[in-house]
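Heavy atoms only: backbone and side chains are in, while hydrogens, waters and symmetry mates are out. Along the sequence shown, the residues carry numbers beginning at 1.
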Amino acid sequence: MNADALALTGPRNLERRTLPVLRVDDESWLLRIEACGLCGTDHEQFSGHLPVGFPFIPGHEIVGILEEVGDAARARWGLSAGQRVAVEVFRSCRECHECRRGEYRRCSRNGLATMFGLSM
């Protein structure tokens, strides 16, 4: 299965991309996006005031419905298919010191490097 998205490839330049929808494994889930907001950083990247250097899909303030949830993800996060969720921008391991303090952007395994909205 594939999905279409708009990728920011340079200042003020959005290109339609068809990307594969990854299979849900034990640790992951599939989210059907209902709404997505754009923040100030998205605007700065679109206008070229904040260069990124690689194509990416803007918009990381996401709300949607879980379509599928892997067994380990369901057990770890207490989630199930059909639930409406808001996405935390910063991925976290929830185990390191920073994550236990709620400082997800400083996660020793993820943080800024893997935040939603800066990957394709």
Side-chain angles (χ1 to χ4, degrees):
M1 176 175 24
N2 294 321
D4 289 335
L6 291 177
L8 184 65
T9 58
R12 301 185 184 282
N13 190 41
L14 294 166
E15 293 180 9
R16 183 178 300 277
R17 300 274 176 102
T18 300
L19 304 169
V21 174
L22 302 178
R23 299 182 88 161
V24 174
D25 63 20
D26 198 42
E27 298 281 338
S28 65
W29 54 86
L30 177 63
L31 182 68
R32 179 174 35 92
I33 297 173
E34 294 183 304
C36 177
L38 297 176
C39 72
T41 302
D42 293 314
H43 181 267
E44 290 174 339
Q45 292 164 332
F46 178 78
S47 66
H49 286 93
L50 181 62
V52 177
F54 53 88
F56 73 99
I57 301 168
H60 52 254
E61 297 175 351
I62 302 168
V63 174
I65 302 288
L66 291 167
E67 294 284 317
E68 296 179 52
V69 181
D71 291 337
R74 180 177 18 261
R76 182 175 188 188
W77 305 105
L79 300 171
S80 60
Q83 279 186 285
R84 178 172 283 120
V85 298
V87 174
E88 167 66 50
V89 173
F90 299 104
R91 297 177 188 178
S92 66
C93 69
R94 305 273 188 195
E95 297 171 359
C96 71
H97 177 72
E98 292 81 4
C99 284
R100 287 194 308 270
R101 289 187 7 208
E103 296 287 334
Y104 308 131
R105 70 184 181 283
R106 297 177 186 209
C107 175
S108 62
R109 294 182 210 156
N110 295 288
L112 292 172
T114 62
M115 69 178 277
F116 287 106
L118 284 182
S119 60
M120 271 194 40

Query raised in the report: Could you give the distance from SG (Cys96) to CZ (Arg106), rounded to the nearest 0.5 Å?
Result: 11.5 Å

Report task. Find the distance between CZ (Arg100) and OG (Ser92) and round it off to the nearest 0.5 Å. Result -> 12.0 Å

Query raised in the report: If every non-hydrogen atom of Arg109 is compared with every non-hydrogen atom of Cys93, which pair is closest and at what distance?
Result: NH1-CB, 3.5 Å

Query raised in the report: Would you say Phe54 and Phe46 are hydrophobically clustered, going by side-chain heavy atoms of ILVMFWY under 4.5 Å?
Result: yes

Requested in this report: Please answer: with hydrophobic residues joined when any side-chain heavy atoms are less than 4.5 Å apart, are Ile33 and Val85 in the same cluster?
Outcome: yes

Query - Separation of Cys99 SG from Glu95 CD (nearest 0.5 Å) - result: 8.5 Å

Requested in this report: Might you point out which heavy atoms bring Arg16 and Asp4 nearest each other, and give the distance in Å?
Outcome: NH1-CB, 3.8 Å

Report task. For His60 and Cys39, run side chain to side chain contact (heavy atoms under 4.5 Å, CB included): C-alpha distance rounded to whole Å, both residues' side-chain angles, the deciding distance at 0.1 Å, then the answer. Result -> CA-CA 8 Å; His60 52 254; Cys39 72; 3.6 Å; yes

Report task. Side-chain contact test, heavy atoms from C-beta onward, threshold under 4.5 Å: evaluate it for Ile65 versus Glu34 and give yes or no. Result -> yes

Query raised in the report: Do Leu50 and Leu6 belong to the same hydrophobic cluster, where Ile, Leu, Val, Met, Phe, Trp and Tyr are linked whenever their side-chain heavy atoms lie under 4.5 Å apart, directly or via other members?
Result: no

Requested in this report: Would you confirm whether Asn2, through its side chain, and Thr18, through its main-chain N or O, come within 3.5 Å as a donor-acceptor pair?
Outcome: no

Query raised in the report: Is any side-chain heavy atom of Trp29 less than 4.5 Å from a side-chain heavy atom of Glu67?
Result: no

Report task. Mind running side chain to side chain contact (heavy atoms under 4.5 Å, CB included) on Cys36 and Glu61 for me, showing each step along the way? Result -> CA-CA 5 Å; Cys36 177; Glu61 297 175 351; 5.6 Å; no

Query raised in the report: Step by step, would you call Leu8 with Val52 a side chain to side chain contact (heavy atoms under 4.5 Å, CB included)?
Result: CA-CA 10 Å; Leu8 184 65; Val52 177; 5.8 Å; no

Requested in this report: Kindly give the heavy-atom pair with the smallest separation between Thr9 and Pro55, and that separation in Å.
Outcome: CG2-CB, 4.1 Å

Query raised in the report: For the residue pair Leu14 and Pro58, what are the closest heavy atoms and their distance?
Result: CD2-CG, 4.3 Å

Query raised in the report: Does a side-chain heavy-atom distance below 4.5 Å link Pro20 with Met1?
Result: no

Query raised in the report: Between CG of Leu31 and CD of Gln83, what distance do you get to the nearest 0.5 Å?
Result: 11.5 Å

Query - Residue Arg84 excluded, over 12 heavy atoms near CZ under 6.0 Å - result: no

Requested in this report: Identify the heavy atoms of Leu66 and Ser80 that sit nearest to each other, and give their distance.
Outcome: CD1-O, 3.7 Å

Query raised in the report: Do Val21 and Val24 belong to the same hydrophobic cluster, where Ile, Leu, Val, Met, Phe, Trp and Tyr are linked whenever their side-chain heavy atoms lie under 4.5 Å apart, directly or via other members?
Result: yes

Requested in this report: Can you see which heavy atom on Asn13 is nearest to which on Glu15, and at what distance?
Outcome: ND2-OE2, 3.5 Å

**Report entry** Derivation of the side chain to side chain contact (heavy atoms under 4.5 Å, CB included) call for Glu98 and Tyr104
**Finding:** CA-CA 6 Å; Glu98 292 81 4; Tyr104 308 131; over 6 Å; no

Query raised in the report: Are Leu79 and Ile62 joined in one hydrophobic group, where the rule is that I, L, V, M, F, W and Y side chains link up if heavy atoms are under 4.5 Å apart?
Result: yes

